[in-house]
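Count residues from 1 along the sequence. Quantities reported herein were computed from a predicted structural model and do not represent experimental measurements.
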Amino acid sequence: MSAEERTTDHVPEWKQAEVDELVELLQRYDSVGVVNVTGIPSKQLQDMRRGLHGQAVLRMSRNTLLVRALEQVDDGLEELTQYVSGEVGLVATNDNPFGLFKQLEASKTPAPISAGEVAPNDIVIPEGDTGIDPGPFVGELQQIGANARIQEGSIQVLEDSVVVEEGGTVSDDVSNVLSELGIEPKEVGLDLRGVYSEGVLFTPDELEIDVEEYRADIESAVASARNLSINAGYPTAQTVSTMLAKGSGEAKSLGLQASIESPDLADDLVSKADAQVRALAAQIDDEEALPEELRDVEAPAASAEDDGEDDEDAQDDEATDSEADADDSDDGDDDGDDGAEGLGEMFG
């Protein structure tokens, strides 16, 4: 047996035990991702691990063992092996990938930037009082491009000053000034490279969504679908109650307009007729011509001196409308009997 075969076939016991633990971890959770941990200090990494407790598990190991475990599970998780390079770890959770991404982003914390690092965004020294007494530090600020002066007994930055543009390399001078001012221009955290869940591989750009905007889009789509269903007369479990209420209201309105006798409309028809009688009685000047119960109907409003001609005109218009309705009813008595009978049967 060659040396290469012996190396390949023989796996140290501790490595196999580590792989077995990783496999058990991968099989226990619904979503598994690979995270980049490069540049995260040990203390902050431990804090992040504790922050994930109860919601997700962060597991570090040798990359070769991570790859072996992902391939051994053989449940699609082998797709994650493409992200296992550099300083990485596995994160596992029963949350959905979007929730996991949001949680990891929220766990990131500000951190100082060292010389030689690439600026993740424009590094700005903000306008204001630095709180540092006059001295050579004002020259250091000016040397890196900050608009700084000595004013009112301290060193002040007169305007927001970009000292390193996004993508630029941080110099020793900039790093020292930022450290002196306590400015931490970068975020340190677990950068998700990819996550596998329910047969789908997600990348960070697919998971980075505006939740509020997404919720608003869903709500708008639901409202549009509901309106379409109701207006098209297409009943669904979500719209049938509204459609029934709408149909009931339209049927009641039709019944009142057609004066159809129905137990469901009796009270409304009586109220309508009572209002019409009272409106008509209010226009009759000869009280002797009216039954006693209709005398002095709306008398206070009709007799008040300050009502003026406006009320009289309104009453005349009301009377004219009532007379017109009455004429229409008289004209349609002969032709409307069959229709009324049909509607009467429909409404019981």
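No donor-acceptor pair closer than 3.5 Å links the side chain of Asn147 to the backbone N or O of Asp160. Counting only distance, with no hydrogens or angles, the side chain of Ser107 and the backbone of Leu104 share a donor-acceptor pair below 3.5 Å. Side-chain atoms of Ser175 come within 3.5 Å of backbone atoms of Ile113 as a donor-acceptor pair (strictly under, hydrogens ignored).
Between Asp173 and Ser171, the side chains place no donor N or O within less than 3.5 Å of an acceptor N or O (distance only, hydrogens not considered). Neither side chain, Glu78 nor Thr81, offers a donor N or O lying under 3.5 Å from an acceptor on the other.
Of all the heavy atoms in Ala56 and Val91, the pair that sits closest is CB-CG2, 4.1 Å. Closest non-hydrogen pair, Thr239 versus Tyr234, comes out as OG1-O, 3.8 Å.
Residues Leu190 and Phe202 fall within the same hydrophobic cluster, defined by Ile, Leu, Val, Met, Phe, Trp and Tyr side chains chained together at heavy-atom separations under 4.5 Å. Hydrophobic clustering (side-chain heavy atoms under 4.5 Å, transitive across Ile, Leu, Val, Met, Phe, Trp, Tyr) keeps Val174 apart from Val124. In this structure, Met60 is a member of the same hydrophobic cluster as Leu100, with clusters built from ILVMFWY side-chain heavy atoms closer than 4.5 Å. Val37 and Leu66 fall into different hydrophobic clusters, where Ile, Leu, Val, Met, Phe, Trp and Tyr residues are linked whenever their side-chain heavy atoms come under 4.5 Å apart, directly or through other members.
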- Message: Quick one, Lys272 with Asp268, criterion salt bridge (Lys or Arg N to Asp or Glu O under 4.0 Å). Give me CA distance, side-chain angles, the key distance, then yes/no.
- Response: CA-CA 6 Å; Lys272 177 183 176 183; Asp268 293 309; over 6 Å; no
- Query: Are Arg193 and Val84 close enough, and set up right, to give a side-chain contact (heavy atoms from CB on, under 4.5 Å), and what steps lead you there?
  - Reply: CA-CA 9 Å; Arg193 290 186 173 180; Val84 181; over 6 Å; no
- side-chain contact (heavy atoms from CB on, under 4.5 Å) between Thr64 and Lys15, intermediate numbers included: CA-CA 10 Å; Thr64 54; Lys15 287 188 176 181; 5.6 Å; no
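When Val177, Leu181, Val138 are each tested for a side-chain contact (heavy atoms from CB on, under 4.5 Å) with Thr130, only one passes: Leu181. Considering Lys102, Lys108, Gln103 in turn, Lys108 is the only one that fulfils the side-chain contact (heavy atoms from CB on, under 4.5 Å) rule with Glu105.
Atom CG of Asp267 has 12 or fewer heavy atoms from other residues, nucleotides or ligands within 6.0 Å.
Ion pair Glu18/Arg62 not flagged as a salt bridge, since none of the NZ, NE, NH1 or NH2 atoms sits closer than 4.0 Å to an Asp/Glu carboxylate oxygen.
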